[in-house]
Each structure stands twice: as C-alpha cells, then as structure tokens.
Amino acid sequence: MSGWETVIGLEIHAQLATRSKIFSGASSAYGAAPNTQACLVDLGYPGVLPVLNAEAVRMAVRFGTAIGARIARQSVFARKNYFYPDLPKGYQISQYELPIVAHGAIDIVLDDGSVKRVGVTRAHLEEDAGKSLHEGLPGVTGIDLNRAGTPLLEIVSEPQLRSAKEAVAYMKKVHTLVRYLEICDGNMQEGSFRCDANVSVRPKGSDKLGTRAEIKNVNSFRFVEKAIQYEVTRQIELIESGGTVVQETRLYDPDKGETRSMRSKEEANDYRYFPDPDLLPLTLDEEYIEAVGAQLPELPDAKAARLVAQYGLPAYDAGVLTASRELADYYEAVARAVPSQPKLAANWVMGDLSAALNKEGLDIGAGRMPAERLAGLLTRIVDETISGKIAKEVFEAMWASGDSADRVIEAKGLKQITDGAAIERAIEEVMAKNPAQLAEYRAGKDKLFGFFVGQVMKATGGKANPAQLNELLKKKLPG
Amino acid sequence: MIHRHTLTRLAADLRARKLSSVELVRTCLGRIEASQPALNAFISITAEQALDAAQAADRALARGDGGPLAGVPIGHKDLFCTAGVRTTCGSRMLENFVSPYDATVVERLKAAGAVVLGKLNMDEFAMGSSNETSYYGPVHNPWNTDMVPGGSSGGSAAAVCARLISAATATDTGGSIRQPAALCGVTGIKPTYGRVSRYGMIAFASSLDQGGVIAASAEDAALMLREMAGFDRRDSTSVDAPVPDYVAGLEAPLEGLKIGVLKEFFDEGLDPDNERCIREALSVLARLGAGLREVSLPNISLSVPAYYVVAPAECSSNLARYDGVRFGHRCESPRDLQDLYKRSRSEGFGAEVKRRIMTGTYVLSTGYYDAYYLKAQRVRQLIAADFQRAFGEVDLLVGPATPTAAFPLGSKVADPITMYLNDIYTISANLAGVPAMSIPCGFAQGLPVGLQLIGPHFAEQRLLHAAHRYQLETDWHLRIPERFA
Amino acid sequence: MYDFCTDFRFLDGTLMALTRAQVESIAHLARLELEPAEIPAFQDKLSRIVDFIGELERADTSGVAPMAHPLSGLSQRLRPDAVTEGDGRELYQRNAPQVASGLYLVPKVIE
C-alpha cells in the first residue's frame with residue numbers, strides 16, 4: 001500500500017458539561033427515563049422559542065482560547081434543515097458561516113517523539129439530537145428526546161492527519177483538553193465525546209484531495225483507529241482494482257470490524273442553511289473574552305513542559321503524566337513528598353499504580369490509592385527502610401488492604417536489615433551451608449557471587465540492605 | 001346596548017360596578033352564537049371557561065381588585081397557544097392540538113383580568129389575505145357577507161367589527177392585522193418587532209411575525225397593547241425596554257407633528273374611492289395641526305417580492321416540526337417513515353401553506369440561496385434604510401392600508417400573485433420591523449377604507465396618539481354594520 | 001408604483017417555468033406528497049411565484065449587507081445555566097399520535 005497517502009480530518013462532537021440544555025431549561029443529565037427531560041422547547045412544540053445558555057458560550061470560548069483560536073466577536077446561529085425522527089423541529093440549530101471559534105491549532109506527539117501541529121478549522125456550538133431506539137419494539141422505532149438540545153461543541157480539524165495513529169493521537173489530545181478545561185466529561189460510553197472521520201487517499205506527492213468517505217459517530221479511540229485503517233485499505237483496494245470511491249456516509253461496525261455504507265442516508269441532503277430568525281447574532285466583547293481567557297487552567301502542553309523543567313522528567317513521562325489533570329496533580333503531590341527522587345515517583349505512578357488502576361478499570365480520581373499513601377511508600381524506599389523489590393510487595397499489600405506503607409512493613413516485618421553484624425552472620429551461615437560453591441568461587445568462578453547474594457537474601461527474607469550485603473560479601477567470600 | 005360600548009368604557013363601567021362581567025359575557029356569547037352562521041369568526045367558543053372567568057372577575061371587582069381589563073370580553077387569534085383549549089392555527093394539522101401552556105400574550109391578558117370568549121378564525125398558519133385558506137371555512141365580512149374580511153386575522157377583525165367582543169389579539173407578518181382591520185373598518189396596530197413577545201404565538205415567519213391588537217378604537221388598542229407588550233425572557237427577540245403607558249397622553253394636541261405622505265402608495269394601483277377617503281383623512285390630520293409633506297421610499301416596490309422570499313423561507317423551516325410524530329395530524333397506517341411524513345403533512349396542510357413551504361424550500365436550496373434568499377435580505381436592508389431616512393425627516397408616515405376595499409369571496413383565490421399584492425402597502429413595515437396601524441377613514445361603495453400610519457421603531461405611542469386625535473374628530477370607527485348594531 | 005402583475009417576465013417575455021421534476025424534488029425535500037393530478041397546478045403557481053420574486057434581480061444591492069433581523073444592532077441575550085423545566089412527559093404526550101413506554105413511535109427506521 002505504499003504509494004498512497006492517507007488524508008484524514010476529524011469532526012469531534014463534545015457534549016458541553018452544562019446543567020441545562022443549550023436553548024432550554026431542561027436538565028441535560030444522562031440516563032433519565034425516556035422523554036422526562038424533554039421540555040416544550042426540546043420537543044419543538046408550536047410557539048416555543050430558544051434562549052441561549054450562557055455557560056455553553058463560556059465553554060466554547062474557553063476551548064477556543066485554549067487552542068489559540070480566533071474568538072468571533074460576532075457569531076451567528078443557523079438552521080440546518082432536514083427531516084429525521086430524532087430531530088424534533090425538522091432543523092438543527094447550529095452555526096454555519098460565522099462559528100464562535102475559528103483557526104486554532106493543537107499539537108500532537110508522534111511515535112518518533114516529534115511534535116505535529118494540527119490545524120483546527122473551526123469549533124461551533126450546536127444542539128444535539130435525540131435518540132432512536134429499535135430494540136424490543138417490533139416494527140417501530142421509539143424516539144427518546146432527552147438528549148435533544150444538549151449543547152455540543154463541534155470541533156473540526158483541518159484534513160492534516162496522515163494516519164489512523166495520528167488521528168487517534170489528535171482525538172486523545174482533544175479529549176485531554178476538554179477535560180482539562182472542564183467543559184466536557186469525556187465519557188465516550190455515554191456518547192459525551194464522539195467523532196466523525198473524513199477519510200480519503202491520494203497518490204503520494206499529489207496535492208489534490210481524493211474523494212472522501214465520512215465515517216459517522218465512532219465513540220472509542222480503538223474503533224476510530226480500526227475504522228480508519230479499514231477504510232483506508234478499502235479505498236486503496238477499490239482504486240487499485242479500477243473502482244472509484246464515492247462520497248458517502250459510512251458506519252463502523254465494531255463487531256465485524258468494517259465500515260459499511262449508510263444506504264438510508266445516501267440520498268443527497270440539501271440542508272438549506274439560513275440564519276435562525278429566533279436568535280440574534282451572538283456578540284462578545286473584548287472584556288468578556290479576556291476574562292474567560294484569564295480563567296484558563298494550566299493546559300497539558302504547558303504542564304508537561306513544566307514537569308520536564310521542574311522535575312527533570314523525560315518528555316515522554318511528562319506527556320503520559322499530563323494526559324489528565326487528575327493524573328498530573330497526583331504525580332505532583334507524590335513528587336513533592338519525595339523531592340529527591342522525582343523520576344522514582346514518575347516510574348511508580350506510570351508503572352505499578354497505573355497497572356493496578358487499569359486492572360480494576362479505576363480512575364486516578366477514584367481515590368483508591370491517595371497520593372500521600374503512595375508517597376509514604378516511596379519515602380521508605382528513599383530512606384532505605386525497604387528495597388525497591390520489597391516495595392512492590394508492600395504496594396500490593398497496600399492496594400489490597402488500604403493500609404499505609406509503614407503499617408504493611410511493620411506487620412509483615414519487611415523492614416530492611418542494615419545491621420552489618422546481622423548481615424555478616426547470615427553470610428557466614430550461607431558460606432557454611434554451601435562449601436562446594438564456596439570452593440568453586442574461590443577457585444575463580446566469579447559468577448557464583450550472584451548465587452551467594454541470592455542465598456543471603458533468601459535467608460534474610462529479602463530484607464538485607466543490598467549495598468551492604470554486596471560490600472560484606474566481597475570482603476568475606478575470598479576468605 | 002352594552003356591546004356597542006368601547007373596551008375603555010366597559011372596563012370603567014365594570015370597575016364602577018355599573019354592570020357585571022357575567023352579564024356582559026353572556027350577552028357577547030349570545031351574539032357570537034348568533035353570528036357564527038353568517039360570519040364564522042370563531043373556531044372555538046369557550047363559553048364555560050369564559051363564564052367562570054367572568055365570575056372570578058366580578059368577585060375581584062367587588063373586592064376592589066382586578067386588573068385594568070377585569071371582566072372585559074376578548075378573543076384570541078387561534079395561533080396564540082392557550083393551555084387546555086385547542087389551538088388550531090386555522091389548520092387541519094392542529095385540529096386536535098391542545099397546548100399545554102399559555103402564550104405570553106395570553107398569560108398577560110389573563111393577568112390583566114380580560115375574559116377570553118374563544119379562539120378566532122384565521123388563514124391557515126396566518127398565510128393568506130382573505131381568510132379563505134382556513135381549514136375551518138372562510139370568515140365573512142360583517143359589512144357585506146359576500147366579501148372577505150381580509151386576512152390573516154380575519155376572525156379578529158370581523159368579531160370586533162360586529163362587536164361580538166371588545167377587542168382581539170391578532171398577528172401581523174405582512175399586513176395580517178392592518179389589512180383585515182382596514183377591510184372591516186376597525187382599528188389595528190402592529191407594534192414594533194420585539195415589542196410583544198412571540199412566545200406561544202405559533203410561528204409563520206419568525207423575523208416578521210409580530211403580535212398586536214384589533215380593537216374598536218385607538219384608545220382601546222392602547223389599553224390592550226399596554227397590557228400585552230413588554231420584555232419576555234423566553235423570547236430572544238423580545239426587546240428589553242420599558243413599555244410606556246400608551247393610554248396616557250392620547251389627548252395631547254397634534255400641533256407640530258411632521259407627517260410624511262408616502263408618495264409611492266398613491267400610484268396607479270390605488271382604487272380612486274379609497275384614495276378619496278385617504279386624502280380626506282390627510283386633510284383632517286392637517287386641520288389638527290400636523291404638518292404634511294410628501295416622502296418617498298424609493299425601494300418600496302421591491303418589498304412584496306422580498307417578502308415572498310423571506311417569509312416562505314422562514315415558514316418552510318418553521319413548519320417542518322409538523323411531522324406527525326409528537327403532535328398534530330398523523331396519516332392513517334403509514335407504510336414507512338417517509339410515508340408518515342409526506343402523507344401527514346400533505347393531509348394536514350392546505351394548498352396555500354404547501355405553496356409557501358415549497359417556495360421557501362426552493363429559495364433556500366443549493367444554487368438558489370444567493371440569488372433569492374440573500375438577495376432578498378439585501379433588499380430588506382435597502383427598504384429598512386428607506387424608512388430610516390424618511391424618519392429622519394418626519395415623525396410619522398401615512399398612506400392607504402390596502403389598494404382596494406374588501407373584495408368578493410373567491411375572487412382572488414385562483415391567482416396567488418394577485419392575492420399577494422393585496423399586502424403591497426403593508427409588507428414594508430414588517431420587513432423594516434417598524435410599528436404601523438390601520439384606522440377606519442371612510443367608505444368606498446359601502447365598504448370600509450383604512451388609513452395606515454407607520455412610525456419609527458418603538459413609536460407606538462406616537463401612532464396611537466395621532467390615531468386617537470383623528471378618531472376624536474371623526475366617527476368612522478364608531479360605525480357598526482346595521483345587522484350587528 | 002411598479003406594476004408587478006404584468007412585468008415579472010424575462011426581457012424576452014418568457015416566463016421562468018419550473019419543470020415537473022423540479023416541483024417533485026422540492027416537494028420531496030419539503031416532505032410533501034403531491035397527487036399527480038395536482039402537480040401541474042403547483043407547477044403553474046410556483047412558476048409564477050418564482051418569476052415574481054425574480055424581480056429582485058433588478059435591485060442594485062452591491063455593497064449592501066444582508067439583513068437577517070429587523071432590529072439590527074441587538075445581540076443575543078444569554079440565559080443563566082439553570083434547570084427550570086421538570087418532567088412534563090405525561091402532559092406533553094397527550095398530543096402525541098402514538099407513544100409506548102414514554103417513547104414517541106414512528107415506523108421502523110432502518111439504518
């Protein structure tokens with residue numbers, strides 16, 4: 001498949017974490033009984049009118065400022081007209097010609113560690129549609145309009161992504177960003193963060209875009225990657241076998257791992273956009289935009305750079321640790337408790353802790369291992385109360401019991417032996433028990449040094465201070 | 001006969017306990033029932049609720065309470081949503097639609113104590129100029145029942161003309177208050193866009209629709225409007241500005257008022273009999289001390305075509321919600337989703353509504369948007385600028401409200417363009433969003449003629465003042481068709 | 001006053017007519033079903049309307065901004081983010097033609 005270049009643009013829909021809907025006072029909470037959170041405005045009842053939610057606007061401006069975009073001093077809401085049962089008014093209120101956010105950029109880190117800047121064409125406010133339910137309803141489709149009117153920020157990238165991996169890296173970065181900004185909960189299972197991918201291929205070196213297919217509504221990073229990979233292969237095979245790609249909407253089927261054409265939406269839509277006469281142009285003044293900008297938290301890139309500078313971490317570690325604000329805060333709390341060993345803290349947070357969390361599908365924010373407790377464990381490594389190896393055992397016990405490191409060390413008697421005389425006694429016992437090996441070592445088989453380390457460790461229950469043990473062994477073995 | 005009294009007089013008499021609301025409402029209900037076969041002004045008559053409300057008003061008045069309109073009988077154009085009472089919008093589509101909520105206008109008039117006797121007939125979805133597009137049959141002009149009452153607020157105009165009720169709510173998208181008011185010889189005011197909340201007023205064309213009043217006099221209209229108008233946080237296009245007391249200051253002299261006579265409105269399309277009445281009215285205004293001069297709105301001839309792009313465009317989108325899913329007409333046993341949409345909508349909407357939806361769909365579609373929709377929006381700007389220029393020179397503009405008096409039922413239904421041109425003098429005020437009135441100023445061959453007054457944004461008080469002063473000098477507004485006198 | 005009734009034609013006097021196919025496609029876009037017999041009437045009337053509004057072409061609007069709203073200069077008001085609406089399902093669904101388990105029902109939508 002060399003000879004082809006992949007061109008991908010993503011449209012990410014992030015549900016904004018407002019309490020009420022974008023144009024009505026109905027709750028936007030997830031999971032209520034069908035249509036109990038669909039008020040007259042959401043239902044498109046005759047005579048009702050939309051009024052814009054201030055918080056949705058603030059969140060859009062927050063996002064725009066965070067990606068260095070231009071915030072429109074005047075933006076306009078437009079109607080996108082089409083008939084669909086989950087679209088109550090027969091039109092979606094969106095923004096078309098004048099979106100609230102335009103011309104931003106997001107940096108992503110590629111596999112080789114280089115940084116790529118991806119342009120964000122625009123981000124606009126719009127209302128979500130309801131849901132169609134097919135299961136358990138023979139011959140009919142049920143419509144639940146609770147989701148109708150939930151505020152969405154549609155974030156449109158430039159077609160600058162060149163592989164499924166890049167697309168995922170970009171999507172993850174946006175995901176990180178919206179959660180840093182606290183404008184979207186990022187919950188992909190509930191559909192709070194979902195993505196349409198525009199995919200096309202072209203011969204390498206060509207500057208003309210190929211015909212694109214739009215893969216609709218993919219709601220996991222893994223599926224986005226797989227769907228794009230499948231689609232790229234499909235298009236290349238199609239073209240190479242003499243076919244042509246048609247511009248169409250496709251759906252990713254995760255069970256089959258393939259994309260397929262959505263025949264029902266094949267018919268060319270003419271959305272007849274025009275400015276919504278029920279809403280006035282949204283004007284934002286400098287003061288407002290500046291005030292929103294002044295309230296931005298430290299953003300992932302800046303935070304990662306700071307972690308590198310302040311703690312001397314490798315860029316990779318800083319990138320991993322800043323994937324979410326909670327993780328970064330956690331790391332910093334641990335690192336502050338063991339100021340001499342920031343890298344040790346990073347290793348533990350990214351290693352054992354992350355593994356344990358993943359295994360149980362927990363979030364760092366779940367509080368299962370508070371930062372001060374992990375810091376307590378690392379403190380005991382630093383002050384040589386326990387060895388790094390024993391620390392893993394302690395960690396496991398702490399994870400299971402919720403006890404502090406000191407309590408586990410105490411209860412299990414894992415405190416490191418630093419008493420030279422005690423270690424010497426143990427060495428002498430081991431030497432006495434293994435005369436043959438001792439003779440071989442003394443005859444020049446240096447490799448057996450490790451054997452004696454192991455035996456002494458075993459005899460001390462792993463608690464002997466490794467450095468002291470080494471030193472004493474070197475002194476005693478030669479006899 | 002109490003029904004002949006103005007709303008202002010009735011409100012005062014009720015407050016003075018000279019008559020009871022129950023008595024008044026009974027009389028009106030009787031007149032409404034009796035008039036229905038001839039006029040068909042009402043789609044729904046809410047006798048029971050009205051009598052309950054009248055009793056409540058009487059009790060409040062007895063306590064010395066009750067709002068400014070306590071006990072006064074009114075009607076609502078059947079596109080104002082009324083909780084618990086069906087709201088049809090003159091359409092089969094909403095034949096069984098019962099709104100779960102009250103429109104802001106309905107709520108405010110209720111709070112002012114007005115008693116609602118029923119829902120008034122209208123052109124379907126307010127699309128029409130003769131009331132002949134109503135699914136519930138045409139309304140007849142009380143002056144001559146072979147004639148149209150005008151539209152779309154034909155029921156409102158006819159009911160006030162025949163003094164079935166003291167005043168009625170109405171709406172005006174391209175002349176739907178002023179044209180029927182003119183054709184029925186009553187007083188109608190379309191306020192500034194944004195002055196009266198559109199919440200609960202079923203939309204035809206959102207950037208043009210404005211709720212207003214049809215009443216027997218400017219003084220009555222002022223009282224009604226004062227209670228209806230004002231900011232509503234549920235309507236983003238409602239204007240947050242204080243509502244003056246429109247009733248106060250009506251008596252002030254007209255001296256020094258600069259009135260512009262609209263040059264283009266007196267061109268060849270105007271019926272000579274109508275022109276005679278209008279010219280006479282102008283001389284009355286001059287006699288009252290107003291200074292008259294001719295004013296030109298050079299782009300006014302483009303207002304009708306601009307309107308017939310903008311209004312259908314907005315309507316095509318506004319009426320997409322009637323899809324047979326959540327409310328409104330649904331066809332029998334739909335085969336599939338498309339069949340559900342198409343048959344429900346085709347059965348639910350009448351021919352004129354379908355034409356406008358299709359016109360609107362066409363002008364917004366790819367390839368035509370710039371040539372029609374965007375072009376019309378630019379022309380709209382030109383027309384608005386014409387008004388702005390004119391109001392730099394004069395305080396008010398005057399001219400005819402319609403080119404002719406009422407025409408026979410059935411005479412213009414065949415040709416949509418001829419019908420559209422009936423609104424030729426009224427449409428520009430909607431495009432510019434300025435307030436305008438029609439007041440009776442004479443008769444052309446036995447049928448009423450309306451004088452139109454147009455003011456700058458938020459000059460309702462000025463309009464009402466000029467109209468009231470005129471009505472103090474004339475008695476056209478007091479004439480009632482013999483049959484209903 | 002300009003005479004609309006006679007002069008909304010092209011310079012050569014022809015009427016700009018919509019084809020039957022155009023009328024059908026507009027009707028479909030608007031989800032309206034026209035009986036085959038009514039199409040000619042719609043075609044005729046819509047053609048006349050389209051012709052009539054074609055008059056706009058004559059206006060010189062160079063440099064004129066489109067006016068979407070009659071009160072220019074006003075800006076969209078914002079609503080505080082508060083939940084003000086409760087569950088009105090039972091009341092709101094009284095107007096619904098077909099519901100079950102709180103859902104609005106439509107014929108099966110196949111994806």
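Order of the sequence lines fixes the chain letters, A, B, ..., with proteins taken first and strands second; residue numbering starts at 1 for each chain. Because the structure is a prediction, the values reported are computed rather than measured.
For the set B/Ala103, B/Gly200, B/Ala203, B/Ala205, the count of heavy-atom pairs under 4.5 angstrom toward chain A peaks at B/Gly200. Put simply, of A/Gly90, A/Gly139, A/Pro88, the one with the most heavy-atom pairs under 4.5 Å next to chain B is A/Pro88. The greatest number of non-hydrogen atom pairs below 4.5 Å with chain B, out of A/Gly25, A/Ser24, A/Pro85, is found for A/Pro85. Among B/Gly360, B/Ser317, B/Ser99, B/Ser207, the residue making the largest number of heavy-atom pairs under 4.5 Å with chain A is B/Ser317. Of the listed residues (B/Thr237, B/Leu94, B/Leu364, B/Leu340), the greatest number of heavy-atom pairs within a distance under 4.5 Å of chain A belongs to B/Leu364. The candidate with the highest count of non-hydrogen atom pairs below 4.5 Å against chain A, out of B/Leu319, B/Asn318, B/Val325, B/Val363, is B/Asn318. Comparing B/Tyr322, B/Phe80, B/Tyr341, B/Tyr373 by heavy-atom pairs within less than 4.5 Å of chain A, the highest count is held by B/Tyr341. With chain A as partner, the option from B/Leu79, B/Ile202, B/Leu208 having the largest number of non-hydrogen pairs under 4.5 angstrom is B/Ile202.
Listed here is the closest heavy atom pair of B/Ser365 and A/Asp270: CB-OD2, 3.3 Å. Between B/Ser206 and A/Arg79, the closest heavy-atom pair is OG-NH2, 3.9 Å.
Side-chain contact between A/Phe83 and B/Lys342 is absent, with no heavy-atom pair separated by less than 4.5 Å. A heavy-atom distance below 4.5 Å is not found between the side chains of B/Ser316 and A/Phe274. Put simply, the side chain of B/Thr361 reaches to within 4.5 Å of the side chain of A/Arg272, judged on heavy atoms. By the 4.5 Å heavy-atom criterion applied to side chains, A/Val48 and B/Arg198 are not counted as neighbours. Between B/Thr87 and A/Pro46, the closest side-chain pair of non-hydrogen atoms is not below 4.5 Å. Counting heavy atoms from C-beta on, the side chains of A/Leu40 and B/Pro100 come closer than 4.5 Å.
Neither side chain, A/Asn35 nor B/Arg326, offers a donor N or O lying under 3.5 Å from an acceptor on the other.
A 6.0 Å sphere centred on CZ of A/Arg212 holds no more than 12 heavy atoms belonging to other residues, nucleotides or ligands. Within 6.0 Å of the OH atom in A/Tyr271, the count of heavy atoms belonging to other residues, nucleotides or ligands exceeds 12. B/Arg233 CZ: 12 or fewer foreign heavy atoms inside a 6.0 Å radius.
Only the backbone of B/Ala313 comes within contact range of chain A, with heavy atoms under 4.5 Å apart. If you measure heavy-atom distances from B/Tyr101 to chain A, the contacts under 4.5 Å come from the side chain alone. The contact between B/Tyr193 and chain A is made entirely by side chain atoms (from C-beta outward), counting heavy-atom distances below 4.5 Å. Both the backbone and the side chain of B/Tyr199 come within contact range of chain A, with heavy atoms under 4.5 Å apart. For A/Asn81, the part lying under 4.5 angstrom from a heavy atom of chain B is the side chain only.
By the 30° and 60° cut-offs, the orientation of the rings of A/Tyr45 relative to B/Phe97 is tilted.
Note that the OH atom of A/Tyr273 and the OG1 atom of B/Thr366 stand 10.5 Å from one another [nearest 0.5 Å]. To the nearest 0.5 angstrom, B/Leu337 atom CG is 8.0 Å from A/Thr141 atom OG1.
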Please report the C-alpha distance between B/Met201 and A/Leu49 in whole Å, then the side-chain angles of each, then the deciding distance to 0.1 Å, and finally whether the side-chain contact (heavy atoms from CB on, under 4.5 Å) criterion is met.
CA-CA 10 Å; B/Met201 198 176 102; A/Leu49 297 166; over 6 Å; no
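In this structure, the side chain of B/Ser236 engages the main chain of A/Pro50 through a donor-acceptor pair within 3.5 Å.
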